[in-house]
Amino acid sequence: MTLCIDRRLSRNGFSRIEFLVVIFLVITMSTLAFVALRKSRTVARTCSCQNVLRDQGIAFYSFADIDPNSAFCTGAYDYLRDGDVTKYSFVADGLDAVGIWSFKGDKLPLCLENAAAGNESLNDLIGHKEQVNHCLLPEELQIRALSGLCEDFELDFNGDQRADSGSIPGATPERIAIVDEITAKGYLTNYVPSWFLVRTDFRMKTDDAGNEVINNPTGLKQLGSTAGPLTILKLDSSPVLSNLIPLIADGTSVTQLSHSLKSRNLKQNSALVATMTAGPVRYNPETDQFVSFQDQQIIVPEDLTQYQYRPFCQDKLPTTDQPLGNGGMDGHLWMQDISAWGTVHQVDKTWQCNVLMADGSVKSFQDQNGDRLLNPGFNINENSQTGYTNGKTEVMIIDFYTGPTLAYQGSYPKGTFE
């Protein structure tokens with residue numbers, strides 16, 4: 001008996017079972033540590049995105065303080081619609097006008113959690129070998145495309161596919177090198193501004209019959225068809241509370257980069273976001289498409305009893321009690337198309353999108369049906385080709401305003417459009 005005890009006491013090392021238990025414990029603890037580290041990293045990047053958006057809010061208000069019209073920005077990061085992105089974009093405003101951003105410190109309006117490398121206007125800047133870019137600026141603003149680092153790029157101003165200015169064709173090594181320089185200097189973003197921020201509202205005019213109609217010859221994304229960037233005056237005069245007006249948010253991928261850009265290691269086929277949200281639309285279930293306001297569409301008829309001509313009069317935006325809203329007089333619910341925004345942050349098992357509001361706050365909204373988008377209440381068909389999975393309402397007017405214009409909120413009055 002004494003001999004057996006001595007042998008057990010003098011035994012060295014682990015038994016096979018003890019060794020397996022130790023391995024199991026190490027693997028389990030490593031897994032838990034990895035999950036915790038990954039979650040901490042995701043939370044940190046989500047917080048970083050929110051901080052970037054808050055800084056962008058400071059940039060907007062700082063720029064409005066020095067702008068003659070008290071506009072929040074000079075425009076979207078959109079070369080063909082707004083001009084040279086190194087002179088006329090909210091990114092250039094933040095870098096050069098107010099100094100919120102700095103390419104030297106790599107403090108830029110970029111979300112690190114978003115896989116998108118930049119926005120789709122990078123492809124416009126790079127251009128195409130067999131096609132001259134058509135400048136979409138109105139004639140009086142075309143000078144905006146002829147300044148800054150882009151001043152020598154070939155541009156077509158009248159739509160005939162011939163270069164009216166510039167000497168550097170698209171997709172050439174010289175031009176790609178200049179675009180590389182543009183991104184190297186920090187003129188880059190993967191956030192998507194709202195139509196409210198960069199276009200504010202649509203323009204109208206009086207037709208020969210005395211009706212107030214849409215003055216939209218080129219589309220609601222073009223500067224010439226809208227009021228341009230949001231101003232302090234427009235914001236203050238709107239009945240919509242500033243904490244409900246979205247200015248800029250995380251973007252979802254809409255296309256891919258046509259050529260690699262070395263300075264920031266932007267690889268060909270990298271994801272790119274849109275230049276802005278699309279503005280007011282309605283959903284047509286028969287065609288499974290969004291329909292925008294058309295040129296000469298009557299907004300306020302000369303005879304105010306012709307209610308059927310008033311497209312969004314008495315519309316009711318989605319609420320908790322009425323999640324699909326009500327189409328009002330014309331039976332169509334007109335709202336902002338925000339499908340360019342995406343839920344890029346995974347928090348626990350949900351995906352969320354960070355949105356900067358006009359009061360400077362940042363709100364987060366969750367995807368509720370797996371399509372990684374935010375539906376403001378469009379009654380989308382099942383298996384839709386729009387990008388939305390279905391008609392699940394994920395943001396409502398109590399969260400942020402998605403109506404067609406900042407002139408009214410919620411249910412529109414019977415009076416004329418002002």
Is there a side-chain contact between [X] and [Y], using heavy atoms and a 4.5 Å cut-off?
{"X": "V85", "Y": "I182", "answer": "yes"}
{"X": "Q297", "Y": "V213", "answer": "no"}
{"X": "R81", "Y": "D124", "answer": "no"}
{"X": "T393", "Y": "P318", "answer": "yes"}
{"X": "L324", "Y": "Q322", "answer": "no"}
{"X": "P301", "Y": "R310", "answer": "yes"}
{"X": "V254", "Y": "E120", "answer": "yes"}
{"X": "R282", "Y": "S292", "answer": "no"}

Quick one: do the [X] and [Y] side chains pair a donor with an acceptor below 3.5 Å?
{"X": "T389", "Y": "N369", "value": "no"}
{"X": "T319", "Y": "D321", "value": "no"}
{"X": "N326", "Y": "D315", "value": "no"}
{"X": "T350", "Y": "D348", "value": "no"}
{"X": "N269", "Y": "K267", "value": "no"}
{"X": "D152", "Y": "S167", "value": "no"}
{"X": "N381", "Y": "Y388", "value": "no"}

N133 side chain vs L125 backbone, donor-acceptor pair below 3.5 Å: no
Partner of Y77 by side-chain contact (heavy atoms from CB on, under 4.5 Å), out of L122, N190, T275: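 Answer to the side-chain contact (heavy atoms from CB on, under 4.5 Å) test with Y77 among L122, N190, T275: L122.
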Considering all heavy atoms, the nearest [X]-[Y] contact:
{"X": "L406", "Y": "V240", "value": "O-CG2, 4.0 Å"}
{"X": "P246", "Y": "S194", "value": "O-OG, 2.7 Å"}
{"X": "P109", "Y": "Q56", "value": "CB-OE1, 3.8 Å"}
{"X": "E154", "Y": "V132", "value": "OE1-CG2, 3.9 Å"}
{"X": "L95", "Y": "G186", "value": "CD1-O, 3.4 Å"}

Which value, rounded to the nearest 0.5 Å, describes the distance between [X] atom [atom1] and [Y] atom [atom2]?
{"X": "S238", "Y": "D236", "atom1": "OG", "atom2": "CG", "answer": "9.5 Å"}
{"X": "N284", "Y": "T386", "atom1": "CG", "atom2": "OG1", "answer": "12.0 Å"}
{"X": "I248", "Y": "M276", "atom1": "CD1", "atom2": "CE", "answer": "11.5 Å"}
{"X": "S258", "Y": "Q268", "atom1": "OG", "atom2": "CD", "answer": "7.0 Å"}
{"X": "S121", "Y": "L272", "atom1": "OG", "atom2": "CG", "answer": "10.0 Å"}
{"X": "L220", "Y": "D337", "atom1": "CG", "atom2": "CG", "answer": "11.5 Å"}

Criterion side-chain contact (heavy atoms from CB on, under 4.5 Å) on L146 and S165, from CA distance to verdict: CA-CA 8 Å; L146 302 175; S165 70; 3.4 Å; yes
Looking at F153, is R175 sitting on its ring face, NZ or CZ under 6.0 Å from the six-membered ring centre and within 45 degrees of the normal? yes
Does [X] have more than 12 heavy atoms from other residues, nucleotides or ligands lying within 6.0 Å of its [atom1]?
{"X": "E139", "atom1": "CD", "answer": "no"}
{"X": "K363", "atom1": "NZ", "answer": "yes"}
{"X": "Q385", "atom1": "CD", "answer": "no"}
{"X": "N383", "atom1": "CG", "answer": "no"}
{"X": "I66", "atom1": "CD1", "answer": "yes"}
{"X": "E130", "atom1": "CD", "answer": "no"}

Under the side-chain hydrogen bond (donor to acceptor under 3.5 Å, both in side chains) rule, what do D201 and T405 come out as? Steps first, then yes or no, please. CA-CA 6 Å; D201 213 338; T405 170; 2.8 Å; yes
Taking the six-membered ring for Trp and the full ring for Phe, Tyr or His, determine whether the centres of Y187 and F103 are under 6.0 Å apart. no
is_close_aromatic(F400, F365), centroid dist under 6.0 Å: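 Between F400 and F365, the centre distance is under 6.0 Å.
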Evaluate the side-chain hydrogen bond (donor to acceptor under 3.5 Å, both in side chains) criterion for residues T231 and S70: first the C-alpha distance (whole Å), next the side-chain angles of each, then the deciding distance (0.1 Å), finally the verdict. CA-CA 5 Å; T231 65; S70 296; over 6 Å; no
Name the orientation class of the two ring planes belonging to F293 and W334 (parallel below 30°, tilted from 30 to 60°, perpendicular beyond 60°). parallel
Here's a test for you: under side chain to side chain donor-acceptor pair (under 3.5 Å), which of D288, N379, N375 qualifies with Y283? D288
Which residues pass the side-chain contact (heavy atoms from CB on, under 4.5 Å) test with V192, sequence neighbours left out?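 V192: side-chain contact (heavy atoms from CB on, under 4.5 Å) contacts with V273, T277, A340, W341.
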Using the test side-chain contact (heavy atoms from CB on, under 4.5 Å), find all partners of A358 that sit at least two apart in sequence or belong to another chain.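 Listed in chain order: L235, S242, I245, L247.
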Evaluate side-chain contact (heavy atoms from CB on, under 4.5 Å) for R203 paired with N216, printing each intermediate quantity in order. CA-CA 7 Å; R203 286 186 178 178; N216 173 25; over 6 Å; no
Can you check side-chain hydrogen bond (donor to acceptor under 3.5 Å, both in side chains) on N114 and Y191, steps first, answer last? CA-CA 9 Å; N114 196 337; Y191 289 107; over 6 Å; no
Ring pair (Phe, Tyr, Trp, His ring centres under 6.0 Å) between F72 and F63, worked out: CA-CA 6 Å; F72 283 103; F63 184 79; 9.4 Å; no
Might you work through the side-chain hydrogen bond (donor to acceptor under 3.5 Å, both in side chains) test for T206 and E302, ending with a clear yes or no? CA-CA 9 Å; T206 304; E302 185 274 333; over 6 Å; no
One thing to verify: whether D82 and R199 come together as a salt bridge, which I'm taking to mean a side-chain N less than 4.0 angstrom from a carboxylate O.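 Salt bridge present between R199 and D82.
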Between K221 and D78, does any side-chain N to carboxylate O distance fall below 4.0 Å?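 No, this pair does not count.
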I would like to know whether V179 and L261 meet side-chain contact (heavy atoms from CB on, under 4.5 Å); could you show each step before the answer? CA-CA 8 Å; V179 180; L261 299 171; 4.0 Å; yes
Evaluate the salt bridge (charged side-chain N to carboxylate O under 4.0 Å, His left out) criterion for residues K107 and D55: first the C-alpha distance (whole Å), next the side-chain angles of each, then the deciding distance (0.1 Å), finally the verdict. CA-CA 10 Å; K107 184 183 178 184; D55 285 343; 3.7 Å; yes
Evaluate D371 against E394 for side-chain contact (heavy atoms from CB on, under 4.5 Å), listing each step before the verdict. CA-CA 11 Å; D371 58 17; E394 294 161 302; 4.2 Å; yes
